[in-house]
Number of protein chains: 2
Amino acid sequence: MARRSDHTRAELEKLIVDEAHRQMEDVGFQAFSAREVAKRIGYSIGTLYNVFGSLNRLLLAVNARTIGLWVAEIEAALERAENDRIGALVESYFAFAGRHRNIWSAVYDHRSPAGEELPDWYRAALESLTGVMVREVAAALPESRQMEAPALAGSLLALVHGHCVFALDGTFRLLGVEAPLELAVTRVREILGDGQSRGES
Amino acid sequence: MARRSDHTRAELEKLIVDEAHRQMEDVGFQAFSAREVAKRIGYSIGTLYNVFGSLNRLLLAVNARTIGLWVAEIEAALERAENDRIGALVESYFAFAGRHRNIWSAVYDHRSPAGEELPDWYRAALESLTGVMVREVAAALPESRQMEAPALAGSLLALVHGHCVFALDGTFRLLGVEAPLELAVTRVREILGDGQSRGES
DNA sequence: ATAATTATTGAACATCGCTCAATATGACGC
DNA sequence: GCGTCATATTGAGCGATGTTCAATAATTAT
């Protein structure tokens with residue numbers, strides 16, 4: 001099969017995460033299988049465990065990659081945005097989740113085993129996401145309310161996340177609500193204070 | 001083993017859901033096992049499938065029961081509440097999730113297989129939950145804003161859900177936010193309009 | 001060339017959801 | 001009481017899963 005000269009350790013790690021991420025995108029969290037990933041890249045299941053130690057860490061690697069792509073897309077949308085940065089933020093958050101349901105859901109569907117603490121590189125990925133929120137919220141707030149920024153950012157993250165979850169799982173449909181994104185944006189505007197918002201391009 | 005004279009069909013169904021619900025509360029969604037449930041009540045795995053048809057429907061029955069308990073607890077809190085009904089609503093929502101993490105999480109962790117539509121009795125359970133939200137939001141809104149009630153109720157549900165998820169999974173801790181419940185209540189008050197709120201008992 | 005080190009394997013184990021021919025049980029007519 | 005039929009219950013069997021680890025292959029060091 002595969003020879004160890006074919007790939008350095010780092011290359012092999014990337015090869016596995018690549019395929020695992022593709023697999024997650026295709027079949028979703030429930031149907032994800034480490035064996036299938038191994039088969040597709042031509043290595044045995046054992047090698048997969050040698051490299052990542054556990055399925056948990058492989059899934060964290062997959063999710064960290066997802067978060068990275070997600071943050072990149074949000075940042076790109078923010079660069080394109082002219083005035084309405086908060087609107088662009090919420091919109092691109094939603095857009096990514098809608099366009100990549102499987103990998104997006106996996107971030108929240110997977111739970112690390114109890115007692116296991118998150119690796120630093122995964123924490124860093126999470127913080128890059130929350131970091132964008134805190135930064136943009138701070139920028140949208142007047143000087144006098146800067147100290148509220150972190151709490152407000154958390155609140156906004158929770159608000160947008162909730163709307164996103166219920167938009168995708170059908171809860172909003174069940175309620176007869178048909179524009180969850182607009183709803184979320186409206187909520188966010190109310191919360192950041194009506195002073196500098198309400199709708200412009 | 002168990003004789004058919006021991007239980008009517010309805011009793012057997014209840015026996016299974018009882019044990020499955022207990023099991024879910026004890027070990028959580030990931031470790032839940034239909035085989036284990038069968039073993040504990042002294043029936044075989046086959047009987048379980050005869051009664052419920054699939055694991056999906058058993059899990060829906062477990063989750064429907066959870067939602068029932070949840071709604072009952074919220075309604076009880078609302079009856080005790082004097083003035084601040086919205087505060088009581090959010091607080092009891094949070095309290096249930098915190099006190100029954102496993103069964104609460106299972107409601108959102110479980111996904112029905114694609115294409116399978118939800119049984120009416122499960123829809124009814126979901127609607128009893130959303131119904132409380134719509135009713136209370138409507139009661140908290142002035143006459144002039146009654147038409148917004150359903151959309152606002154959905155928004156509030158999403159907002160509270162998001163805060164609840166991030167409170168339990170550690171995201172708020174990661175952000176340095178230490179009072180997610182109060183944060184959620186504040187957000188809800190802002191959204192319903194400051195006219196009749198801001199903090200009184 | 002030989003020894004020591006490291007990478008890779010994949011059969012083996014326990015467990016899972018799920019199926020279905022076989023069996024046990026109960027009810028009914030005579 | 002007996003035989004017949006319908007129904008309830010079983011649990012071995014199937015194809016998967018995650019995980020382990022002695023055995024093997026490949027590389028490096030001596």
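Within every chain, numbering begins at 1; the chains are lettered A, B, ... in the order of the sequence lines, protein sequences first and strands thereafter.
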With a 4.0 Å cut-off on heavy atoms, is A/Leu48 in touch with a base, just the backbone sugar-phosphate, or nothing at all? nothing
Whole angstrom value for the distance that separates C1' of D/dA16 from NZ of A/Lys39: 10 Å
Could you tell me how far apart A/Leu59 (CG) and D/dT17 (C1') are, to the nearest whole angstrom? 13 Å
Do the two ring centres, one from A/Tyr93 and one from A/His161, sit under 6.0 Å apart? no
Could you check how far CZ of A/Arg9 sits from P of D/dT28, rounded to whole Å? 15 Å
Separation of atom CD1 in B/Ile16 from atom C1' in C/dG17, rounded to whole Å: 15 Å
Residues A/Glu19, A/Arg22: salt bridge by 4.0 Å N-O rule: yes
Exam field: side chain B/Ser105 to backbone B/Asn102, donor-acceptor pair closer than 3.5 Å: no
Lys/Arg N to Asp/Glu carboxylate O, B/Arg187 vs B/Glu190, below 4.0 Å: yes
When rounded to whole Å, the CZ to C1' distance for the pair A/Phe29 and D/dT17 reads 13 Å
Quick one about A/Gln30 and B/Arg111 (side-chain donor to acceptor, distance below 3.5 Å, no hydrogens or angles considered), yes or no? no
Which atoms of nucleotides 18-20 of chain D (N or O only) lie under 3.5 Å from a protein N or O atom, and what are those distances?
residue	atom	partner	partner atom	Å
D/dG18	OP1	A/Ala34	N	3.2
D/dG18	OP2	A/Ala34	N	3.4
D/dG18	N7	A/Arg35	NH1	2.5
D/dG18	O6	A/Arg35	NH1	3.3
D/dG18	O6	A/Arg35	NH2	3.3
D/dT19	OP2	A/Tyr49	OH	2.3
D/dT19	OP2	A/Leu55	N	3.2
D/dT19	O5'	A/Tyr49	OH	3.3
D/dT19	O4	A/Arg35	NH2	3.3

Which one of B/Val185, B/Leu181, B/Asp84 satisfies the side-chain contact (heavy atoms from CB on, under 4.5 Å) criterion with B/Glu91? B/Leu181
In whole angstrom, give the distance that lies between atom CG of B/Asn50 and atom C1' of C/dT25. 14 Å
When rounded to the nearest 0.5 angstrom, what distance separates CG in B/Leu192 from CZ in B/Arg145? 7.0 Å
Using atom CD of B/Gln23 as one end and atom P of C/dT15 as the other, report the distance to the nearest whole Å. 14 Å
Within this structure, what is the CG-to-P distance between A/Leu15 and C/dA7, rounded to whole angstrom? 16 Å
Under 4.0 Å between a side-chain N or O of B/Tyr43 and OP1 or OP2 of D/dT10? no
D/dT9 phosphate, OP1 or OP2, under 4.0 Å from B/Thr47 side-chain N/O: no
